[in-house]
Undergrad: 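Please find one structure pasted underneath; my questions will follow.
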Number of protein chains: 2
Amino acid sequence: MSDPGSPARPVGTTGPLAHRVPDLAALELLLAVARLGSLGRAAKEMGITQPAASSRVRSMERLLGVALVERSPRGSRLTEAGALVTDWARRIVEAAEVFDAGAQALRGRRDSRLRVAASMTIAEYLLPGWLIALRGRLPDTAVSLLAGNSAAVAERVRAGEADLGFVEGLDAPAGLDGAVVGHDRLAVVVAPDHAWARRRTPLPPAELAATPLILRERGSGTRQVLDAALAAYGGLATPLLELASTTAVKSAVVSGLGPSVLSELAVGEELAARRLVEIPVAVRLRRDLRAVWPLGQRPTGPARELLSLTRG
Amino acid sequence: MSDPGSPARPVGTTGPLAHRVPDLAALELLLAVARLGSLGRAAKEMGITQPAASSRVRSMERLLGVALVERSPRGSRLTEAGALVTDWARRIVEAAEVFDAGAQALRGRRDSRLRVAASMTIAEYLLPGWLIALRGRLPDTAVSLLAGNSAAVAERVRAGEADLGFVEGLDAPAGLDGAVVGHDRLAVVVAPDHAWARRRTPLPPAELAATPLILRERGSGTRQVLDAALAAYGGLATPLLELASTTAVKSAVVSGLGPSVLSELAVGEELAARRLVEIPVAVRLRRDLRAVWPLGQRPTGPARELLSLTRG
DNA sequence: TGAGGGCATAAGCTGGATTTATGAGTGATC
DNA sequence: GATCACTCATAAATCCAGCTTATGCCCTCA
């Protein structure tokens with residue numbers, strides 16, 4: 001069927017995304033076809049039969065209303081549209097790989113070879129990527145992840161329940177060795193139509209301190225750093241709103257409820273898409289990201305490998 | 001079942017991703033539960049029944065081997081692990097939204113209210129985000145997308161077959177009005193273990209010019225800009241390898257075959273994950289991203305709205 | 001104490017996707 | 001020039017996953 005023209009009425013713009021986006025297996029298949037240049041080979045790699053692959057690609061084309069691959073007796077190549085779709089598909093698959101790496105670690109099997117404890121921000125944004133890279137070097141290393149606040153992480157490492165910890169904060173936790181593996185800047189963010197977005201000059205710290213913000217609940221590392229940085233300017237005002245998750249905070253800010261201060265790791269995408277705007281502020285809002293381990297016990301084996309990955 | 005402990009043997013680390021990652025519908029459901037605080041309400045929003053939602057969440061928990069939501073007679077809240085998983089899930093869903101926005105436009109229905117032509121780089125990395133934002137303002141606007149190189153885009157716009165075009169390049173296309181909507185920097189990239197990655201000083205342009213690179217096939221905008229920038233330094237060496245897609249180029253570079261020059265838009269993720277390293281070079285490799293329209297016909301309606309989005 | 005909201009379980013059904021088996025087209029090779 | 005090796009498409013039968021409907025239990029609040 002080189003004619004994708006019996007248009008089984010592509011699904012409209014309503015309803016759940018899942019009805020309009022092919023499933024992960026189909027997207028992976030498409031990537032495999034792009035890479036291998038043949039439906040049959042792609043099928044084999046995915047562990048299905050050639051007709052199944054053929055049918056999957058076809059239903060994907062029906063769903064999207066566009067021909068994705070050019071079949072020929074010598075193999076299959078992507079069409080122009082197919083190349084575009086494949087690149088969008090790759091983003092989904094990469095996000096799924098992050099999910100998978102994180103989820104596997106979260107499963108926290110007792111027989112793990114490497115037990116990692118990490119603060120929420122690191123666990124959420126950085127660790128899965130490190131784990132994917134680690135899998136590239138030590139494919140058979142089972143990793144378990146325990147996420148919690150910095151104090152809890154330090155405690156786990158001290159107790160020997162984790163081989164390696166990752167924390168964010170101003171100071172290294174007491175009683176542990178460690179190394180700075182990166183930095184994290186806190187960004188003052190507002191919705192694009194907020195008055196601050198029209199400022200031409202950096203925000204005075206005192207104004208930031210005096211403004212009620214949307215923040216995570218007490219105890220988060222972000223809030224701690226903010227508190228310390230603004231102590232000299234009258235201290236942090238009573239929050240406008242206290243929410244349980246970083247995501248909830250972001251949503252609130254995006255919908256214009258007020259400003260917030262969040263890790264740049266958490267708002268990168270929103271800033272790029274201009275759903276949020278960062279406001280320069282004349283105070284240093286920076287914290288270290290640290291790997292920590294028990295005093296004197298320099299990491300070895302998988303822990304050492306992971307540590308080396310984090311420092312590039 | 002507050003005990004997720006009859007551990008239906010979580011799937012191992014082999015095989016297709018789709019067997020280890022819940023499908024999009026389940027992930028969307030999880031986000032809805034997180035947002036609405038109740039399985040039943042989430043079910044209603046997704047257009048399924050409450051038992052179906054309950055079952056989906058349960059099988060997700062079985063798949064991941066972790067409890068995600070705390071059920072209570074008063075509703076459901078995410079567990080700690082659930083919050084983490086939900087954030088990873090959100091990344092997948094956002095990638096799916098990008099896919100969806102792009103794919104819908106690609107479908108290119110004749111009855112579209114807004115016909116856009118765009119160069120590959122813009123179509124791939126920027127346009128879907130703009131379309132998502134546009135949907136927020138003009139929900140009922142059907143958009144069609146035609147992707148091609150800059151010359152083809154200009155031609156479509158001149159012929160009145162597209163209401164708005166987006167091109168990248170050094171100069172504005174002749175015979176069209178336009179506005180710069182952004183910039184794109186070309187980055188010299190190599191694998192992390194390449195010799196250039198250990199340089200402490202910027203790469204001399206002449207050395208870049210003399211080195212065979214991995215590039216896209218002739219005719220790509222990237223290559224054009226590179227040619228122009230290095231003309232004064234002896235001109236571009238014969239490529240080491242010419243590949244059909246940006247992605248193929250990236251893979252080749254990542255696996256250490258050689259250096260390349262790619263749009264920063266294309267390598268952002270790879271740089272962040274340190275799969276690639278950018279090499280500073282003492283020459284300006286920058287190009288404008290332009291919106292274009294027929295002379296004198298300043299965009300109106302949906303085209304104008306889209307244009308305003310791109311300039312934030 | 002009854003009503004309402006919330007979740008779990010059971011049973012039956014439906015539909016989609018898979019596999020096996022085959023055919024047909026193309027290009028290379030002897 | 002015929003055969004082989006590879007590609008993909010089609011057809012038919014099967015099977016399983018997930019849905020809906022119909023309940024029941026638990027808790028909270030009036």
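This structure is a prediction, so every number in the text was calculated from the model and none was measured. Residue numbers start from 1 in every chain, and the chains themselves are labelled A, B, ... in the order their sequence lines are given, proteins ahead of strands.
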Undergrad: Just by distance, no angles: are the side chains of B:R216 and B:T222 close enough, under 3.5 Å, to form a donor-acceptor pair?
TA: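 Per modelled atom types, B:R216 and B:T222 side chains form no pair under 3.5 Å.
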Undergrad: Atom CD of B:Q50 and atom P of C:dT9: how far apart are they, to the nearest Å?
TA: 11 Å
Undergrad: Rounded to whole angstroms, how far apart are CZ on B:R74 and P on C:dC7?
TA: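 So the two atoms are 12 Å apart, to the nearest Å.
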Undergrad: In plain terms, say whether B:R275 and B:E270 are close enough for a salt bridge, that is, a side-chain N and a carboxylate O under 4.0 Å apart.
TA: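 Salt bridge flag = yes for B:E270 with B:R275.
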Undergrad: What distance do A:L17 atom CG and B:I92 atom CD1 have between them, rounded to the nearest 0.5 Å?
TA: 11.5 Å
Undergrad: Quick one, A:M120 and A:N149 - any side-chain contact, counting heavy atoms below 4.5 Å?
TA: no
Undergrad: Are any of B:R58's side-chain N or O atoms less than 4.0 Å away from OP1 or OP2 of C:dA8?
TA: yes
Undergrad: Can you tell whether the side chains of B:E242 and B:R223 come within less than 4.0 Å, N to carboxylate O?
TA: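 A salt bridge is present here (some side-chain N lies under 4.0 Å from a carboxylate O).
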Undergrad: Between A:S54 (side chain only) and A:Q50 (backbone N and O only), is there a donor and an acceptor less than 3.5 Å apart?
TA: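 No; zero donor-acceptor contacts below 3.5 Å.
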Undergrad: Could you tell me which non-hydrogen atom of A:I214 sits nearest to which non-hydrogen atom of A:A252, and how far apart they are?
TA: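 Taking A:I214 first and A:A252 second, the nearest heavy atoms are CD1-CB, 3.9 Å.
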Undergrad: To the nearest Å, how far apart are B:R77 CZ and C:dG5 P?
TA: 21 Å
Undergrad: Between C:dG5, D:dT20, C:dT26, spot the one nearest the side chain of B:P73, thanks.
TA: C:dG5
Undergrad: In whole angstrom, what separates A:E70's CD from D:dA9's P?
TA: 13 Å
Undergrad: May I ask you to decide whether B:R156 forms a salt bridge with B:E161, counting only side-chain N to carboxylate O separations under 4.0 Å?
TA: yes
Undergrad: Rounded to whole angstroms, how far apart are CZ on B:R62 and P on C:dA8?
TA: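 For the pair B:R62 CZ and C:dA8 P, the rounded distance is 13 Å.
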Undergrad: Report each atom pair, protein N/O against N/O of nucleotides 16-19 of chain D, whose distance is under 3.5 angstrom.
TA:
from: D:dC19; atom 1: OP1; to: B:R56; atom 2: NE; distance (Å): 3.3
from: D:dC19; atom 1: OP1; to: B:R56; atom 2: NH1; distance (Å): 3.4
from: D:dC19; atom 1: OP1; to: B:R56; atom 2: NH2; distance (Å): 3.2

Undergrad: With respect to the phosphate group of C:dG25, does any side-chain polar atom (N or O) of A:S72 fall under 4.0 Å of OP1 or OP2?
TA: no
Undergrad: Does a salt bridge link A:E94 with B:K250, judged by any charged N lying under 4.0 Å from a carboxylate O?
TA: no
Undergrad: Kindly state which residues belonging to residues 35-45 of chain A come within less than 4.0 angstrom of DNA chain D, counting heavy atoms of the residue only, listed by number.
TA: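 Within residues 35-45 of chain A, the residues near DNA chain D are A:S38, A:L39, A:G40, A:R41.
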Undergrad: Judged by each residue's nearest nucleotide on DNA chain C, which is more toward the 5′ side, B:G75 or A:P51?
TA: B:G75
Undergrad: Check the distance between C:dG16's P and A:M60's CE and give it to me in whole angstrom.
TA: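 Rounded to the whole Å, the gap is 17 Å.
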